[in-house]
K.L.:
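There's a structure below that I have some questions on.
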Amino acid sequence: MTDQANDAAPALSAALVEAELARVEGSELFRRSQRHRQLLRHLVLHALAGDTGRLKESVLAAEVFGIDPARFDPARESIVRVEARRLRLKLARYDAGPGAGSPLRIALEAGSYVPRIELRAPPGGKAGALPAFAVLPFLDLVGDDHGAARADALSEELIDALVQFPGIKVVAR
């Protein structure tokens, strides 16, 4: 994503954003609205790719709504603006309801087709705080000559895997 799409972009991994997008799409508010799911997915994936220059009315009309670009007249056809407004309202309802506990927030501000994707402030926490995981050493319950080494290696592998996600903080020994 570009800075225009989101100031917190470096802190958010694509996997984290795509997981949140899947939660939104699977929610009761979005499940029956294929058009809004398609529009939201298109906007978020282009923002993730840093391709926000393509998030404009004429391109969306063609790529999301299947309107022939040669025949699209934004002065006469308002489908993109209307559906974007409906999507904004639906995202706000999701954010206030089923999405209130999600670690990320996806919003579409008025006058823009570039989604704003940000970390949600944890309850009682500060905005932009990263979720944290503590990784404790594994115990050797096998008791053979290599058990302790396997337990240490497993702990290290888990730590290494978790630090690959820039949207979380890992606390380890």
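Everything numeric here is computed off the predicted structure, so don't read it as measured data. What you see below is based on every heavy atom in this structure, not just the backbone, and it leaves out hydrogens, waters and symmetry mates.
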K.L.:
Rounded to the nearest 0.5 Å, what separation is found between the CD atom of Glu77 and the CZ atom of Phe72?
P.N.:
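So the gap between those two atoms works out to 6.0 Å.
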K.L.:
Inspect the contact between Glu25 and Arg23 and indicate whether a charged nitrogen and a carboxylate oxygen are less than 4.0 angstrom apart.
P.N.:
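No, Arg23 and Glu25 are not salt-bridged.
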K.L.:
Roughly how far, to the nearest 0.5 Å, is CZ of Arg86 from CZ of Arg35?
P.N.:
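Result: 8.5 Å between the selected atoms.
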K.L.:
Do Asp152 and Phe138 have side chains that get closer than 4.5 Å, going by heavy atoms?
P.N.:
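Result no, sub-4.5 Å side-chain heavy-atom pair not found.
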K.L.:
What heavy-atom pair brings Ala47 and Thr52 nearest, and what distance separates the two atoms?
P.N.:
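Closest approach of Ala47 to Thr52, heavy atoms only: CA-CG2, 4.1 Å.
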K.L.:
Measuring only between side-chain heavy atoms, which start at C-beta, is Leu87 closer than 4.5 Å to Tyr113?
P.N.:
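No; the side chains remain at least 4.5 Å from each other.
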K.L.:
With a distance cut-off below 6.0 Å to the six-membered ring centre and an angular limit of 45° from the axis, does Lys90 pair with Phe30 as a cation-pi contact?
P.N.:
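Yes, cation above the ring, under 6.0 Å and within 45°.
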K.L.:
Does CZ in Arg31 sit with more than 12 non-hydrogen atoms of other residues, nucleotides or ligands closer than 6.0 Å?
P.N.:
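Yes, CZ of Arg31 has more than 12 neighbouring heavy atoms, counting only those of other groups under 6.0 Å.
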K.L.:
Measure the spacing between CZ of Arg88 and CG of Leu91 and express it to the nearest 0.5 Å.
P.N.:
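Between atom CZ of Arg88 and atom CG of Leu91 there are 9.5 Å.
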K.L.:
State yes or no: do Val59 and Ile67 share one hydrophobic cluster built from I, L, V, M, F, W and Y residues joined by side-chain heavy-atom distances below 4.5 Å, directly or via other members?
P.N.:
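As far as the 4.5 Å side-chain criterion goes, Ile67 and Val59 are not connected within one cluster.
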K.L.:
Ignoring hydrogens and geometry, is there a side-chain-to-backbone donor-acceptor pair from Ser13 to Leu16 under 3.5 Å?
P.N.:
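Present.
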K.L.:
To the nearest 0.5 Å, how far apart are CD1 in Ile159 and CG in Leu154?
P.N.:
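So the CD1 of Ile159 and the CG of Leu154 are separated by 10.0 Å.
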K.L.:
If you define the side chain from C-beta out and look only at heavy atoms, does anything of Asp51 sit under 4.5 Å from Leu45?
P.N.:
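No - every pair of side-chain heavy atoms lies 4.5 Å or more apart.
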K.L.:
Report the distance from atom CZ of Arg105 to atom CG of Leu119, rounding to the nearest 0.5 Å.
P.N.:
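So the gap between those two atoms works out to 12.0 Å.
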K.L.:
Of all heavy-atom pairs between Ala62 and Pro69, which one has the smallest distance, and what is that distance?
P.N.:
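In this case the closest contact between Ala62 and Pro69 is CB-CG, 3.8 Å.
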K.L.:
Do Arg150 and Val142 touch side chain to side chain, with heavy atoms closer than 4.5 Å?
P.N.:
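Side chain of Arg150 against side chain of Val142, heavy atoms only: contact under 4.5 Å found.
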K.L.:
With side chains defined as the heavy atoms from C-beta onward, is the minimum distance between His46 and Val114 less than 4.5 Å?
P.N.:
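A side-chain contact is absent here, since even the closest heavy-atom pair is not under 4.5 Å.
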K.L.:
Using modelled atom types only, decide if a donor and an acceptor are shared between the side chain of Arg93 and the backbone of Leu29 within a distance under 3.5 Å.
P.N.:
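Absent.
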K.L.:
Answer whether the closest heavy-atom distance between the side chains of Val171 and Val135 falls below 4.5 Å.
P.N.:
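Val171 does not reach Val135 side chain to side chain.
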K.L.:
Check the hydrophobic clustering (I, L, V, M, F, W, Y; side-chain heavy atoms under 4.5 Å; chains of links allowed) and say if Val24 and Leu89 are grouped together.
P.N.:
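In one cluster with Val24: Leu89, no.
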K.L.:
Would you indicate whether the side-chain heavy atoms of Leu55 and His42 approach each other to under 4.5 Å?
P.N.:
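A side-chain contact exists here, since the closest heavy-atom pair is under 4.5 Å.
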K.L.:
Is there a side-chain contact between Arg116 and Leu108, using heavy atoms and a 4.5 Å cut-off?
P.N.:
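Side chain of Arg116 against side chain of Leu108, heavy atoms only: no contact under 4.5 Å found.
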K.L.:
Report the C-alpha distance between Glu20 and Ile106 in whole Å, list the side-chain angles of each, state the deciding distance to 0.1 Å, and finish with yes or no for side-chain contact (heavy atoms from CB on, under 4.5 Å).
P.N.:
CA-CA 8 Å; Glu20 180 61 22; Ile106 301 173; 4.0 Å; yes
K.L.:
What distance separates Glu83 CD from Ser33 OG, expressed to the nearest 0.5 Å?
P.N.:
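It is 7.0 Å, given to the nearest 0.5 Å.
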